[in-house]
Asker: 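Quick one: structure below, then a few questions.
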Amino acid sequence: MNQHHVSKAQESAASFPVEKIRAMFPALRQAGDFIFMDNAAGAQIPQSVLDAVTSHLVEHNVQRGGRYGRSVTVDQSVAEARESVAVLINAYSPSEICFGMNATSFIRLVSLGIGQMLAERDEIVVTDMDHDANIATWLALEQAGARFKWWRMHEDGNLHVDDLKPLMSDRTRLVACTVTAHSIGSIVDVASVAKIAHAAGAEVFLDCVHYGPHGLIDVQAWDCDYLVCSGYKNFSPHMGFLWGRFETLKRLPTFREDFIPDEPPYKVEAGTFIYENVSGMDAAVRYLESIGRNFLAESNRSRRDNIVAGMNAIRDYELTLAREMMKVLKACGATIYGVADEARIHERVPTFCFNIGTLSPQRIVEEMAALQIGIRDGHMYAPRLMKRLHLSMDSGAIRASLVHYNTVEEVHRFGEALRAIIAKLS
Ligand SMILES: Cc1ncc(COP(=O)(O)O)c(C=O)c1O
């Protein structure tokens with residue numbers, strides 16, 4: 001980032017309407033003193049999302065595919081949700097958006113399909129920085145004859161694309177990697193990953209679950225082949241969605257009953273998914289668009305323009321939170337895992353994984369809970385990363401994960417609480 005971009009970003013962060021945004025979240029309004037800093041495990045929802053869920057359940061809680069009005073409305077609302085999610089991630093077409101339970105089940109579904117198509121391209125690249133959902137699921141393809149190459153995180157807390165190149169060969173079928181580590185917050189250069197993978201004739205599967213709430217997703221600019229998100233990290237209720245290029249999904253073997261069309265998205269969506277939560281996801285996209293509207297003056301902008309403006313504003317604001325959090329943790333003497341150099345702050349989101357000397361992560365997190373601060377300790381579902389960081393699976397580390405409704409004041413309260421706990425436990 002040059003100086004001009006830095007000052008523009010700081011300006012946008014300073015004008016971020018965080019109090020107006022907080023007022024839109026019923027859970028934040030009701031929480032009193034409680035600070036939500038476990039957002040990587042699931043975020044809160046704005047009133048408009050709650051209203052969309054309620055409206056589905058009250059006004060048209062019926063099965064789609066019928067000829068009566070309520071059922072037709074369900075078909076329409078699913079179609080609208082596909083359009084909204086396509087806008088959110090810049091899909092080529094809404095028919096590339098598949099709805100379902102969660103990210104893990106979609107990763108499994110795609111892996112089972114790819115497992116049937118391995119042939120002479122039988123190598124899969126996995127990383128040691130991912131959530132285990134995007135590692136173990138692929139490793140299970142060993143039974144189908146897959147072999148694995150490990151793309152390992154550097155000492156500096158991120159994956160380097162230069163390390164990926166030597167792992168590629170004419171046997172590489174797929175590179176499975178995260179867009180951003182849910183545990184330590186490092187952002188991966190996924191557009192370069194796709195270039196390297198495609199140059200070798202391989203595909204790219206991106207786990208976008210953690211990046212989703214923090215920045216602009218653009219499957220066209222990234223040029224990836226598959227991407228998965230969990231709506232519940234993205235200000236919607238519990239649900240997940242998968243994106244894949246239409247032709248790629250068309251080729252993917254999936255289970256479907258004979259009466260289900262052999263076409264994306266239907267061939268990917270086994271059975272009935274949770275319509276009210278899909279309506280919630282639609283409303284969550286509209287909420288993110290509404291943030292963008294604060295930052296754009298023109299009246300003829302597109303929905304995607306609003307998403308771009310909204311997600312960029314969120315990103316700028318969150319960088320302020322990340323900087324502040326890094327300062328606070330360093331002042332507390334924390335060992336920060338992942339990017340800990342302020343000069344590299346653009347490589348991270350405000351998700352911080354740390355330990356305080358030899359103090360028990362569990363004790364610290366319990367003490368923080370008593371002070372009304374919700375953070376998490378443990379292995380973060382990342383056993384390979386824990387090993388890489390020389391942390392035990394039993395105690396692991398502490399994670400504080402912030403999103404755009406958190407404030408600098410909350411970061412300071414977090415710091416005061418942590419300092420008091422350190423003094424008490426030392
Ligand atoms: C990066 C990442 N990938 C995958 C998952 C699994 O997501 P889901 O609960 O939607 O299956 C999570 C959940 O925390 C995650 O953070």
Side-chain angles (χ1 to χ4, degrees), residues 36-45 85 88-89 97-112 126-140 151 153 157-159 174-188 190 193 204-215 217 222 224 226-243 268-270 273-274 277-278 280-281 284 337-338 347-353 374-386 388 396-403:
F36 290 89
M37 285 199 185
D38 188 24
N39 298 293
Q44 301 308 305
I45 60 167
V85 173
L88 178 71
I89 70 172
I97 308 297
C98 313
F99 292 125
M101 275 304 282
N102 53 40
T104 308
S105 54
F106 275 129
I107 303 173
R108 176 77 175 148
L109 183 145
V110 173
S111 74
L112 288 174
V126 287
T127 87
D128 61 358
M129 200 177 81
D130 270 75
H131 190 289
D132 222 39
N134 199 31
I135 304 174
T137 316
W138 300 107
L139 297 184
W151 182 17
M153 190 183 84
N158 209 346
L159 294 166
L174 185 85
V175 177
C177 82
T178 189
V179 181
T180 294
H182 69 292
S183 46
I184 56 176
S186 310
I187 302 175
V188 180
V190 290
V193 173
V204 177
F205 186 102
L206 295 181
D207 177 342
C208 197
V209 171
H210 191 64
Y211 179 78
H214 298 293
I217 305 174
W222 294 349
C224 48
Y226 299 95
L227 174 140
V228 74
C229 275
S230 312
Y232 69 95
K233 314 273 167 99
N234 263 308
F235 319 107
S236 114
H238 285 88
M239 56 81 72
F241 63 85
L242 171 78
W243 167 86
V268 181
E269 295 169 339
F273 48 82
I274 306 177
N277 292 357
V278 166
M281 185 67 224
Y337 306 107
E347 272 183 64
R348 65 149 48 253
V349 298
T351 298
F352 284 87
C353 190
I375 55 175
R376 180 170 293 267
D377 64 287
H379 52 64
M380 314 300 154
Y381 314 98
R384 336 242 166 199
L385 184 69
M386 291 298 118
R388 174 76 176 68
I398 303 168
R399 182 182 68 188
S401 52
L402 286 67
V403 290

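Start at 1 and go down the list; that is how both ligands and their atoms are numbered. Note that the coordinates shown come from a computational prediction; the quantities given were computed from them, not determined experimentally. Values reported hereafter were calculated over all heavy atoms of this structure, with side chains retained and with hydrogens, waters and symmetry mates removed. Positions are given from 1, in the same order as the sequence printed here.
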Asker: What distance do Phe241 atom CZ and Cys208 atom SG have between them, rounded to the nearest 0.5 Å?
Answerer: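 Rounded to the nearest 0.5 Å, the CZ-SG separation comes out at 7.5 Å.
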
Asker: Among all protein heavy atoms in this structure, tell me which lies nearest to atom 15 (C) of ligand 1, with the distance rounded to 0.1 Å.
Answerer: His131 CD2, 3.2 Å

Asker: Go through ligand 1 atom by atom and flag the ones less than 4.0 Å from a non-hydrogen atom of Ser230.
Answerer: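 Heavy-atom distances to Ser230 below 4.0 Å select 7 (O), 8 (P), 10 (O).
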
Asker: Among residues at least two apart in sequence or on other chains, which ones pass ring-ring contact (aromatic ring centres under 6.0 Å, His included) with His210?
Answerer: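 Per chain and number, His210 pairs via ring-ring contact (aromatic ring centres under 6.0 Å, His included) with His214.
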
Asker: Would you say the side-chain atoms of Asp207 pair up with the backbone N or O of Val209, donor to acceptor, closer than 3.5 Å?
Answerer: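 The answer is yes, because a donor-acceptor pair under 3.5 Å joins these two groups.
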
Asker: Can you tell me how far the CG atom of Asn39 sits from the CD atom of Gln44, to the nearest 0.5 Å?
Answerer: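 Between Asn39 CG and Gln44 CD, I get 7.0 Å after rounding to 0.5 Å.
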
Asker: Under the side-chain contact (heavy atoms from CB on, under 4.5 Å) rule, what do Arg108 and Leu112 come out as? Steps first, then yes or no, please.
Answerer: CA-CA 6 Å; Arg108 176 77 175 148; Leu112 288 174; 3.7 Å; yes

Asker: Provide the number and element of each atom of ligand 1 under 4.0 Å from a heavy atom of Ala103.
Answerer: 7 (O), 8 (P), 10 (O), 11 (O)

Asker: Does Asn102 approach ligand 1 within less than 4.0 angstrom via side chain, backbone, both or neither, non-hydrogen atoms only?
Answerer: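 The part of Asn102 near ligand 1 is both the backbone and the side chain.
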
Asker: Give the residue and atom name of whichever protein heavy atom lies nearest to atom 16 (O) of ligand 1, and the separation in Å to one decimal.
Answerer: His182 CB, 3.3 Å

Asker: At what distance is the nearest protein heavy atom to atom 13 (C) of ligand 1, and which residue and atom is it?
Answerer: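 Heavy-atom neighbour on the protein nearest atom 13 (C) of ligand 1: Lys233 NZ, 2.7 Å.
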
Asker: Under a 4.0 Å heavy-atom limit, does Tyr232 contact ligand 1 with its side chain, its backbone, both, or neither?
Answerer: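 It is the side chain that touches ligand 1; the backbone stays farther off.
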
Asker: Looking only at protein heavy atoms, identify the closest one to atom 4 (C) of ligand 1 and say how far it is in Å.
Answerer: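 The protein heavy atom lying closest is Asp207 OD2, 3.4 Å.
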
Asker: Measure the distances from the heavy atoms of Met101 to every atom of ligand 1 and state whether one is below 4.0 angstrom.
Answerer: no

Asker: What residue and atom, counting heavy atoms only, is the protein's closest point to atom 6 (C) of ligand 1, and at what distance?
Answerer: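 Scanning the protein heavy atoms, the shortest distance from atom 6 (C) of ligand 1 goes to Thr104 OG1, 3.4 Å.
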
Asker: Are Tyr226 and Trp138 an aromatic pair by the rule of ring centers under 6.0 Å?
Answerer: no

